[in-house]
Amino acid sequence: MAGSIKDRVAIIGMGCTKFGERWDTSASDLMVEAFKECIEDARIEKKDIEAAWSGTCFQESGFSAMPLGQALKLPFLPVTRVENFCATGSEALRGASYAVASGVYDIALAVGVEKLKDWGYGGLPGMIDQAIAGQRFGTGVTPYQSAPGLFAMMATRYFAKYGISPEEGKKIIGMVSVKSHHNGTLNPKAHLQREVTIDQVMKAPIIAWPLGLFDCCGVSDGGAAAIVVRADMAKKFRPDPVYIKALQIAVSSGEESIYTDYDYAHVETGYRAGMRAFQEAGVKNPREEISMAELHDCFSITETVSYEDLGFSSRGKAKDDILAGRFNLDGEQPVQPDGGLKCFGHPIGASGLRMMYEMYKQLQGKAGPRQIKNPKMGLTHNMGGYPAGNVISVLIVGL
Amino acid sequence: VANYDEDALTMAVASAMNCLEGFDRGKVDALYFATTTAPYAERQNAGMIATALDLRADIQTADFTGSTKAGTTALLSAYNAVGAGSAKSVLVCTSDCRLGKPGSSQEMICGDGAAAFLLGDDGVAASLGGSYSVSYDFADHQRVGDDKYDRSWEDRWIRDAGYSKFIPEAVSGLLKKCNLSPKDIAKVCYPCLYARDHANMGRKLGFDPAQIQDHMLTAVGYTGTPNALMMLAAALEDAKPGDRILAASYGNGSDAIFFQVTDEIERAKNKRGIKEYLSSKKPLSNYEKYLHFRDMIPVEESPRTELSPTWISTQWREHKWIVGFVGSRCKRCGTPQYPGQRVCVKPDCGAIDEMEDYRFSDKKGRLFTYTGDNLGTCPDLPGVYGMVDFEGGGRALLDVTDCNLDELKVDMPVEMSFRRKYYDKQRGVYSYWWKAVPLKQ
C-alpha cells in the first residue's frame with residue numbers, strides 16, 4: 001500500500017440510539033436520534049457539515065440517500081448511500097473518512113441505521129441466498145439458509161477440525177455469550193440487559209444445530225452516527241478526539257464457497273482484512289497492542305474464530321483464552337465491552353458505527369461502569385454474509 | 001411413499017440415473033417418460049428429465065400419459081423406434097406418485113415408484129420377443145381438469161369387468177401369438193390391485209405360484225404406470241440367461257410383452273435395482289407429516305421463507321446448472337467448479353473463458369460440514385444442509401435429504417439426487433434442484 005489513513009482523520013462526535021425492538025420509532029426517527037446526540041457531542045452545527053454517508057442494508061430502511069437527507073434536512077448536501085451487508089455502518093464511516101482525507105471536505109457525517117422490526121418475524125429477511133459466491137441470483141433453488149444455519153456449519157467444522165466434542169464445543173462458545181450478557185447488563189442502551197448462566201446457554205432450544213438460542217445475537221432496531229474531520233483540525237473541536245488508525249475491508253473472492261481449500265473453521269476475509277489493518281496501523285502484535293475490541297459476534301462461533309483470525313488467539317487455541325477469561329471485561333483484552341451484537345443488538349446498517357461508538361467512549365474514558373482501564377487502541381470488526389462468502393471490515397482507532 | 005421433495009419427475013430421474021450407470025449418456029437418442037402424475041400438464045416433463053440427465057439436445061422427447069398402461073406403451077414405442085432404425089438407443093422412464101384421497105381405498109393401496117429401461121440393438125440384456133395389446137375405454141377411474149384425486153367406480157365391478165379380464169386377455173393373446181405356453185415363461189409380471197384376485201388370475205392362466213413375480217403390493221403398494229415395469233426390473237435382477245419373462249400392464253386395457261434374457265444380463269444386474277432401493281426405506285410414522293408432504297392439509301408457514309417470484313427467464317438461462325447440475329472445469333488447471341464460472345476460481349490460475357462443461361450429478365462427494373436448521377420451510381424439520389466437496393474437485397452448498405440429522409457425520413460420503421425444491425403456487429411453477437443423500441457406510 002502506497003498510503004495509509006493512519007492519523008489523517010479524527011472522530012470528534014458520535015451518537016448512538018438505544019437498540020432494541022423500537023416499535024414506536026421509524027428508520028427516520030432513529031437517524032434523528034443518533035444525529036442529535038452526535039452533533040451535540042461534536043459541538044458543531046448542522047451547517048458545518050459538508051458531506052454525508054448513509055449506511056442502510058435493507059431497502060426498506062433506505063431509498064437511495066434521500067431518507068437521510070430528508071430526515072435530517074441536510075441542506076442539499078452531497079449524500080451517498082452505501083451498503084455492504086453487516087459492514088454497512090463501517091463502510092459509511094470509511095466513505096466519510098476517505099472524503100476528508102482526500103482534502104475535499106473538512107467535516108463529514110456518517111450515519112448507519114436499520115429498522116428490522118417491521119418484518120413481522122424474528123431474524124433477517126431472506127437475502128442470504130444472494131451472498132453465496134457463484135450461486136446466482138434469483139433462481140430460488142439453493143437451500144433455504146437462515147443466518148444461524150450458515151454459521152452453525154462453521155461450528156460443526158471447527159469442532160471437527162480441532163477434535164472438540166459437540167458438548168465441549170457448545171460450552172466453549174457458550175462462555176462467549178455468557179461474557180457478553182454480563183457486559184450488556186452494564187449498558188443502558190443495550191437491547192438485552194440480563195445475565196445468563198452457561199447452564200441456560202447449553203440447555204436453550206436449538207436454532208440450527210449446534211447453535212442454540214443464546215448463541216445468536218439480538219435482532220434490533222437502532223442507529224448510530226459519527227462526525228469526522230481532518231486530524232490536524234480535530235483539537236479545535238475537542239481535547240480528546242479519537243484518531244483513525246486503519247480502515248480495511250476484504251470481500252470474498254468466491255474460492256471459499258466453491259474451491260476446496262477453505263477449511264470452514266476460520267474466516268479468510270477476517271484474517272486478510274485484519275492483517276491489512278494491522279499493517280496500516282503499524283500494529284506488530286495484535287494480542288498485545290489492541291487494548292479492546294468489538295467483534296462481529298452475530299453468533300458465538302463467529303466471535304470465537306475471529307479471535308483467531310485477528311491474532312488475539314493462535315489457531316485452535318481460542319478455547320484456552322475463552323476459558324481463562326482473557327476477553328472478559330476484567331480480562332487482559334476485553335472484547336464486546338458494550339455487550340456486542342449479542343446483547344447490544346444488531347441493526348445491520350448501524351452495527352459498525354455502534355461498535356465504533358463504544359471504542360470512542362472507552363478511549364475518552366466515558367464508558368461508565370464498563371470503563372476499561374487506560375485503553376490505547378480499539379478495534380472494530382464487522383462481518384456480513386456467511387463464513388464462505390462475506391465482506392469483512394476491520395477498523396482501528398486510538399488516541 | 002416418496003419423500004416430501006420427490007415426485008414422479010424426480011423419481012424418473014433417479015431410476016434413469018441408476019439405469020444409465022456405465023452407459024455413455026451422449027449416445028441416448030430419445031427419452032420417453034410415462035406417467036399419470038406429471039407435475040406439469042403442459043411443459044414437457046420428459047424435456048426436463050433429459051436436461052437433468054444432461055442428455056444431448058438433438059434428441060426426441062415425449063410424455064406418455066393418460067393411462068396406467070402408458071409405461072408399457074412407451075416401452076413398445078421405444079422398441080418400434082429402435083426397430084425402425086430411427087434411434088439407436090431410447091431411454092424409457094416410467095414413474096408415478098399416485099395420490100389417494102384421505103380415507104379412500106386408493107390411499108390404502110397406492111405406493112410411489114419408478115423404473116427405467118434403456119432400449120437399443122447392441123449389448124442387449126433382455127431381448128423383446130413380442131407383444132400383444134388390448135385397449136378399452138373402461139372408466140374404472142378418471143380425473144379431469146382441476147381434480148386432485150381420482151374418482152372411481154365400485155371395486156367389485158372394476159375387479160370383475162376390467163382387471164380380471166384385460167390382463168388375461170393380453171397375456172393369453174401374447175402366448176398364442178408367439179406360440180408359447182405358460183410353462184415356457186420363467187416369470188410373469190402383472191400389477192396387483194386385489195391380492196386374492198392377482199393370485200387367482202395367474203392360476204387361471206396356467207402359471208404356478210412360483211412363476212408369478214412378487215407384486216410388491218405390501219412392500220411398496222400399487223404404483224400405477226411403472227408397476228408392471230418395476231416388477232419386470234425385479235424379475236430381471238434374479239433372471240438367468242435364457243429365461244423368458246412376461247410383463248403385462250393394466251389401465252384402459254393392457255399391453256403384454258415378453259423378453260428373452262441374454263448372457264448380457266449379468267452386466268445389467270450391476271445396478272442398485274429394486275432390492276437396494278427397497279432396503280433404503282425409512283419409516284414415516286406420522287400421518288400428519290405425510291399429509292403435509294402431499295399438501296393435503298394447510299400448515300403454518302414461516303413468513304421468513306416466503307418465496308420470491310420465480311424468474312422464468314433466469315431459470316432458462318441457468319437451466320444447465322440448475323436442472324442439469326452441470327458446472328465447468330478449467331481447461332488450463334483442471335479445477336472443476338460449480339456452478340460454472342467464467343473466471344477460474346483456483347487462486348493461482350486466473351484463466352478467463354477457458355472452461356468446458358463438467359457434470360456433477362454423477363459425482364460422489366463428502367459432507368464437509370452441515371447443520372440442521374429449525375428456521376426453514378422444510379416440511380421435515382430441521383432442514384438439513386451442508387457443504388459438499390466432490391470427488392475430483394468442486395464444492396457446493398446443498399440440501400441434504402433422506403436422512404436424520406443425528407445420523408450425519410463430518411466427511412461422510414454422499415451422492416446427488418434430483419429433487420423438487422419448491423412449488424410456486426401463485427405462478428404455477430415447480431422448481432427442481434439437486435440435493436445430497438448420505439451413502440450407506
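In the text below, chain A, chain B and the rest are named by the order of the sequence lines, each starting its count at 1.
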Rounded to the nearest 0.5 Å, how far apart are CD1 of A:Ile206 and OG1 of B:Thr371?
9.0 Å
A:Ser146 and B:Asp373: side chain donor to acceptor below 3.5 Å:
yes
Atom OH of B:Tyr370 and atom CE of A:Met153: how far apart are they, to the nearest 0.5 Å?
12.0 Å
Holding to salt bridge (Lys or Arg N to Asp or Glu O under 4.0 Å), I want the full list of residues that pass it with A:Lys203, two or more places apart in sequence or in another chain.
A:Asp199
Sequence neighbours excluded, which residues qualify as ring pair (Phe, Tyr, Trp, His ring centres under 6.0 Å) partners of A:His191?
none
Cation-pi check, B:Arg395 to A:Tyr259: give yes when NZ or CZ is under 6.0 Å from the six-membered ring centre and within 45° of the ring axis, no otherwise.
no
Select, from B:Gly386, B:Cys378, B:Gly393, B:Pro347, the one with the greatest count of heavy-atom pairs under 4.5 Å involving chain A.
B:Pro347
Could you grab the distance from atom CG of B:Asp406 to atom CH2 of A:Trp209, nearest 0.5 Å is fine?
10.0 Å
Does atom CD of B:Glu42 have more than 12 heavy-atom neighbours, drawn from other residues, nucleotides or ligands, at distances under 6.0 Å?
no
Out of curiosity, B:Tyr385 OH to A:Leu150 CG, how far, rounded to the nearest 0.5 Å?
5.0 Å
Taking the side chain as every heavy atom from C-beta outward, state whether A:Ile207 and B:Asn374 have any pair of such atoms under 4.5 Å apart.
no
Segment of B:Tyr432 engaging chain A (4.5 angstrom heavy-atom cut-off):
backbone
CG/B:Asp399 to CD/A:Gln145 distance, rounded to the nearest 0.5 angstrom?
8.0 Å
Output for pair (B:Lys346 NZ, A:Ile258 CD1), nearest 0.5 Å, gives 14.0 Å
Does B:Lys320 NZ have over 12 foreign heavy atoms under 6.0 Å away?
no
